[in-house]
Amino acid sequence: MEQQSLRMAGLACAKVMREEISAEVSALAEQGITPKLCVVRVGENPDDIAYQESIERCFAKLGLAVECRAFAATATETELIDTMQALSADATVHGVLLFMPLPKGLSSDNILAHLAPEKDVDGATLASMASVYSGKGEGFVPCTAQACLDILKFYEIPLSGKRAVIVGRSLVVGKPLAMLLLGENATVTTCHSRSQDLPGLCREADILVAAVGRKNMITSDFVSPGQTVVDVGIHVLPDGGLTGDVDMDSVKEIVSAYTPVPGGVGTITTVILAKNTVRAAKG
Ligand code: NDP
């Protein structure tokens with residue numbers, strides 16, 4: 001009988017992480033500290049609001065505090081810089097998350113330059129990026145990239161010496177994940193919209209990560225037997241359901257292991273944000 005591919009559910013991984021976080025939250029509570037995240041949202045983007053609500057639900061369950069500073073889409077860079085400075089100086093706030101992309105005319109680089117790196121729990125400042133690049137584990141890693149690595153490790157997918165191919169080179173997923181996988185001694189290829197023979201490159205991978213932002217783009221032509229496929233994509237379907245960057249119905253018949261959408265990488269991203277907020281609170 002043909003062996004079924006391994007479905008790498010995020011929930012099992014998230015459960016273990018939540019238990020660890022709860023223990024740390026209890027220890028901090030004994031010292032009178034409640035870890036607190038401040039979400040800074042500009043405009044009323046429905047995706048941002050949905051993400052904010054999922055953070056609020058996840059943090060409430062874990063006993064962490066969340067405050068939202070919502071600005072109109074017409075907010076100025078000066079207002080946001082002042083906010084970053086105030087939050088950096090506020091001892092009751094341990095982590096800060098600025099939702100991006102920002103409305104046109106606002107530079108996230110200029111604004112994030114005023115956020116203290118020790119509160120940058122989603123690894124968005126230049127200082128955090130430098131620490132991901134150095135691989136010394138001092139700063140915060142973008143939560144989604146960390147989620148990809150954590151799910152691979154949780155399911156004990158061999159990484160050392162293996163060939164990892166990442167489709168996507170964004171600062172939030174592709175690039176930091178390339179550094180994390182290099183840190184695990186994988187041989188990493190990062191692909192993008194100008195890569196030639198993308199299906200061929202993908203088929204050579206042991207671990208294939210799709211962070212491309214295109215619904216179901218990675219089809220059976222892009223995969224080969226024995227691979228592990230991590231699908232980072234999140235796309236809302238007309239019926240309200242979710243799908244990823246991988247056409248998983250066809251791909252899972254071929255590969256050895258895969259992360260589902262929903263229920264894969266996205267399930268643990270918010271938990272990692274909580275973990276980072278607790279780490280920031282511990283100082
Ligand atoms: P971006 O749009 O910032 O980056 C997409 C990347 O894919 C770019 O590097 C782009 O290349 C590349 N790309 C686009 N089209 C192609 C193509 N036809 N062939 C090859 N490469 C291509 O996306 P993000 O990294 O922000 O997000 C990626 C996906 O992950 C999205 O579906 C998003 O919804 C999801 N996401 C999920 C999260 C989670 O928690 N699970 C969190 C964040 C994002 P180029 O650089 O050349 O333009």
Side-chain angles (χ1 to χ4, degrees), residues 8-11 13-14 17 37 39 41 45-55 57-59 97-102 108-109 121-124 129 132 140-152 154 164-181 188-205 208-219 221-223 229-237 241-248 251 258-276:
M8 303 197 297
L11 208 59
C13 178
M17 282 183 190
L37 174 75
V39 169
R41 172 164 61 77
N45 178 346
D47 288 349
D48 286 350
I49 293 169
Y51 186 30
Q52 181 192 321
E53 287 169 355
S54 89
I55 292 170
R57 280 194 302 274
C58 170
F59 276 46
L97 175 63
L98 173 67
F99 281 160
M100 292 188 284
L102 292 168
S108 52
D109 284 349
V121 285
D122 197 23
M129 288 180 207
V132 172
F140 290 105
V141 176
C143 297
T144 309
Q146 187 68 51
C148 294
L149 181 64
D150 286 358
I151 205 161
L152 287 166
F154 181 79
V165 173
I166 303 167
V167 189
R169 58 175 164 180
S170 73
L171 285 173
V172 283
V173 194
K175 281 184 185 168
L177 181 59
M179 291 301 132
L180 294 181
L181 288 170
V188 182
T189 303
T190 309
C191 306
H192 45 78
S193 62
R194 311 287 173 89
S195 296
Q196 289 184 1
D197 185 22
L198 187 64
L201 288 169
C202 291
R203 282 195 300 267
E204 285 172 17
L208 174 61
V209 181
V212 68
R214 291 180 180 253
K215 187 167 67 179
N216 298 345
M217 190 190 106
I218 306 296
T219 59
D221 289 348
F222 290 66
V223 297
V229 177
V230 175
D231 189 354
V232 183
I234 301 182
H235 306 275
V236 182
L237 296 168
L242 295 180
T243 192
D245 288 347
V246 180
D247 177 20
M248 206 56 91
V251 162
Y258 68 97
T259 63
V261 177
V265 173
T267 311
I268 55 174
T269 304
T270 317
V271 184
I272 290 171
L273 185 66
K275 189 173 167 177
N276 287 352

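Whatever order the structure lists ligands and atoms in, that order sets their numbers, starting from 1.
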> Rounded to the nearest 0.5 Å, how far apart are OG1 of Thr144 and CD1 of Ile272?
Replying inline: 8.0 Å
>> Are the side chains of Thr259 and Cys148 in contact, using a 4.5 Å heavy-atom criterion?
In response: no
>> Counting only heavy atoms closer than 4.0 Å, does ligand 1 sit against the backbone of Val232, its side chain, both, or neither?
In response: both
> Nearest to atom 26 (O) of ligand 1, what protein heavy atom do you find, and at what distance?
Replying inline: Val172 CG2, 3.6 Å
> For atom 48 (O) of ligand 1, which candidate among Gly264, Ser193, Ser170, Pro142 provides the closest heavy atom?
Replying inline: Ser193
> At a 4.0 Å cut-off, with the gap strictly under it, does some heavy atom of Lys215 reach an atom of ligand 1?
Replying inline: no
> In the protein, what heavy atom is nearest to atom 27 (O) of ligand 1, and what distance, to one decimal place, separates them?
Replying inline: Val173 CG2, 4.4 Å
>> Can a side-chain donor-acceptor contact be found between His235 and Asn216 if the only test is distance below 3.5 angstrom?
In response: no
>> Is there a side-chain contact between Met248 and Asp231 in this structure, where contact means two heavy atoms from C-beta onward sitting under 4.5 Å apart?
In response: yes
> Hey, is ligand 1 close enough to Arg194 that some N/O pair sits below 3.5 Å?
Replying inline: no
> Between Thr269, Asp122, Val209, which one has a non-hydrogen atom sitting closest to atom 40 (O) of ligand 1?
Replying inline: Thr269
>> Any side-chain to backbone donor/acceptor pair from Ser170 onto Val173? Under 3.5 Å, distance only.
In response: yes
> Between Thr267 and Ile151, is any pair of side-chain heavy atoms under 4.5 Å apart?
Replying inline: no
> To which protein heavy atom is atom 18 (N) of ligand 1 closest, and what is the distance rounded to 0.1 Å?
Replying inline: Met217 SD, 3.6 Å
> Taking only heavy atoms of Gly266, which atoms of ligand 1 are found under 4.0 Å from at least one of them?
Replying inline: 41 (N)
> Which ligand 1 atoms, with their elements, are less than 4.0 angstrom from a heavy-atom of His235?
Replying inline: 32 (O)
> CG of Leu242: more than 12 outside heavy atoms within 6.0 angstrom?
Replying inline: yes
> If you measure from CG on Leu177 to CD on Gln146, what distance do you get to the nearest 0.5 Å?
Replying inline: 9.5 Å
>> Under 4.0 Å, heavy-atom basis, I'd like to know which part of Ile234 is in contact with ligand 1: side chain, backbone, both or neither.
In response: both
> Where is the nearest protein heavy atom to atom 8 (C) of ligand 1: which residue, which atom, and how far?
Replying inline: Arg169 N, 4.0 Å
>> With a 4.5 Å cut-off on side-chain heavy atoms, are Met17 and Asp150 touching?
In response: yes
> Considering only heavy atoms of Gly168, which atoms of ligand 1 have at least one such atom less than 4.0 Å away?
Replying inline: 6 (C), 7 (O), 9 (O)
> Roughly how far, to the nearest 0.5 Å, is the SG atom of Cys13 from the CE atom of Met8?
Replying inline: 10.0 Å
> Of the options Leu208, Val232, Val209, which is the one that meets Val167 in a side chain to side chain contact (heavy atoms under 4.5 Å, CB included)?
Replying inline: Leu208
>> A side-chain contact here means heavy atoms from C-beta on lying under 4.5 Å apart; do Tyr51 and Leu273 qualify?
In response: yes
> Of the choices Gly213, Gly244, Ser54, which has the non-hydrogen atom that lies closest to atom 29 (C) of ligand 1?
Replying inline: Gly213
> Is it the side chain (CB and beyond), the backbone, both or neither of Val212 that lies under 4.0 Å from ligand 1, heavy atoms counted?
Replying inline: both
> Looking at atom 20 (C) of ligand 1, what's its closest protein heavy atom, distance included?
Replying inline: His192 O, 3.1 Å
>> Tell me whether atom 24 (P) of ligand 1 lies less than 4.0 Å from at least one protein heavy-atom position.
In response: yes
> Non-hydrogen atoms of Gly174 versus ligand 1: any pair closer than 4.0 Å?
Replying inline: no
> Looking at Leu97, Leu98, Leu102, Ile49, which hits side chain to side chain contact (heavy atoms under 4.5 Å, CB included) with Arg41?
Replying inline: Ile49
> Relative to the heavy atoms of Arg214, which atoms of ligand 1 are at a distance of less than 4.0 Å?
Replying inline: 14 (C), 15 (N), 16 (C), 18 (N)
>> Please list the nearest protein heavy atom to atom 38 (C) of ligand 1 with its residue and the distance rounded to 0.1 Å.
In response: Thr144 CG2, 3.7 Å
> Under 4.0 Å from any heavy atom of Leu198, which atoms of ligand 1 are there?
Replying inline: 19 (N), 20 (C)
